[in-house]
Amino acid sequence: MTRRLTLALPSKGRLREPSWSLLEASGVSPQEPGERVLQAHCRNADIDLLFVRADDVPEYVQDGVVDCGITGLDLIYERECDVEVLLRLGFGSCSLQAAVSMEDPAATIEDLEGRRVATSHPNVAAQMLANRGVKADIVRVAGSVEISPRLGLADAIIDLVSTGSTLRTNGLRSIGVLFESEAVLVGRVGSTDHDARRTLTMVLGSVVNARLNRYLLCNVAKDRLADVTALLPTTGSPTVMDLATPGVVAVHALVPAKDIWSLLPKLEACGASSILTLPVERMVP
Ligand code: AMP
């Protein structure tokens, strides 16, 4: 008999919405997706969902309360949990940065030696400073970290940053990145015997991959084909098909979404026409 897989998902906060939308796009969304539901079964798959706080997920997975979970990479380090990262999910990106007030003389993370640093991520901050050989005095705060230098509580802060606007609003300047984080799918270390875990990793991975790519189609005269294919930032081989019009071919290729902006004008300049880009739903390399 195959055992049902249990998956812990963030029940609130920044990671909730994108986690739920990834499950939806993967075709395994909850059957009763209410705001207050704490447990649910998945549509189309033998998965039981448990909705918990993102910062509890690492411990639940480590202790075997659930088989897998979605959480932030930073939270795994902060909770000092031993779990296996199965997949990077491409959302919840942020970095743990050190920052000082505009007038502070510190220019690099090493300049924090011997100084007081406020953070609500004390474990990961201490670990990352130690990796660089920096000894600082960590001041633990629960929230509103950015205000600590102004209150005289600390000389600097270490906090998660995504756009940097909160730092700027509070008159702070980044002096370096200690750690890059994003949302991840995690599983119990060494638990490789679960087929459903492999399937879940593959299916979610196919959506994460697909989101990073676009399917590009265009037509080009045969004598310009080599110029057009040379432009394509694709690792695989493009598909080339004859059109009903003699001397013209259609080119189909998968290209990174981030390259579309610079690619389209170059393709047009090379004589490509009827250029289309389509979203990709799933991609298994
Ligand atoms: P929550 O506190 O539940 O809203 O989620 C916080 C998690 O979201 C963090 O642990 C990070 O993994 C992620 N995250 C992404 N961007 C940011 C940000 N700018 N500040 C804090 N957390 C962020």
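Please read these numbers as outputs of a predicted model, since none were measured by experiment. Whatever order the structure lists them in is the order used to number ligands and atoms, beginning at 1.
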> May I ask you to list the atoms of ligand 1 that are less than 4.0 angstrom from any heavy atom of G72?
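This gives 12 (O) as the contact atoms.
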> If you count heavy atoms of other groups shown closer than 6.0 angstrom to CD of E110, is the number above 12?
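It does: E110 CD has more than 12 such atoms within range.
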> Check each atom of ligand 1 against the heavy atoms of L75 and keep those under 4.0 Å away; list them by number with element.
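Here the atoms of ligand 1 in question are 10 (O).
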> Can you report which non-hydrogen protein atom sits closest to atom 16 (N) of ligand 1, along with the distance?
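Looking at atom 16 (N) of ligand 1, the protein heavy atom closest to it is C94 CB, 3.4 Å.
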> Please write down residue, atom name and distance for the protein heavy atom closest to atom 23 (C) of ligand 1.
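Ranked first by proximity to atom 23 (C) of ligand 1 is R14 CD, 3.4 Å.
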> First locate atom CG of L38, then atom CG of L50, and finally report the distance between them rounded to the nearest 0.5 Å.
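It comes to 8.0 Å.
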> Quick one, L5 and D46 - any side-chain contact, counting heavy atoms below 4.5 Å?
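A side-chain contact is absent here, since even the closest heavy-atom pair is not under 4.5 Å.
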> Which protein non-hydrogen atom lies closest to atom 12 (O) of ligand 1, naming both residue and atom, and how far is it?
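The closest heavy atom on the protein side is D74 OD1, 2.6 Å.
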> Just heavy atoms, cut-off under 4.0 Å: does S162 contact ligand 1 by side chain, backbone, both, or neither?
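Near ligand 1, S162 shows its backbone as well as its side chain.
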> Counting from 1, what ligand 1 atoms have a heavy atom of G92 closer than 4.0 Å?
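This gives 15 (C) as the contact atoms.
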> Which protein non-hydrogen atom lies closest to atom 3 (O) of ligand 1, naming both residue and atom, and how far is it?
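Nearest protein contact, heavy atoms only, for atom 3 (O) of ligand 1 is G13 CA, 3.5 Å.
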> Are more than 12 heavy atoms, taken from residues, nucleotides or ligands other than E268, located less than 6.0 Å from that residue's CD atom?
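Result for CD/E268: open.
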> What do you reckon, is OH of Y77 surrounded by more than 12 foreign heavy atoms closer than 6.0 Å?
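Counting neighbours around OH of Y77, 12 or fewer heavy atoms of other residues, nucleotides or ligands fall under 6.0 Å, so no.
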> Mark yes when over 12 heavy atoms from residues, nucleotides or ligands other than R53 sit less than 6.0 Å from its CZ; otherwise mark no.
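It does not: R53 CZ has 12 such atoms or fewer within range.
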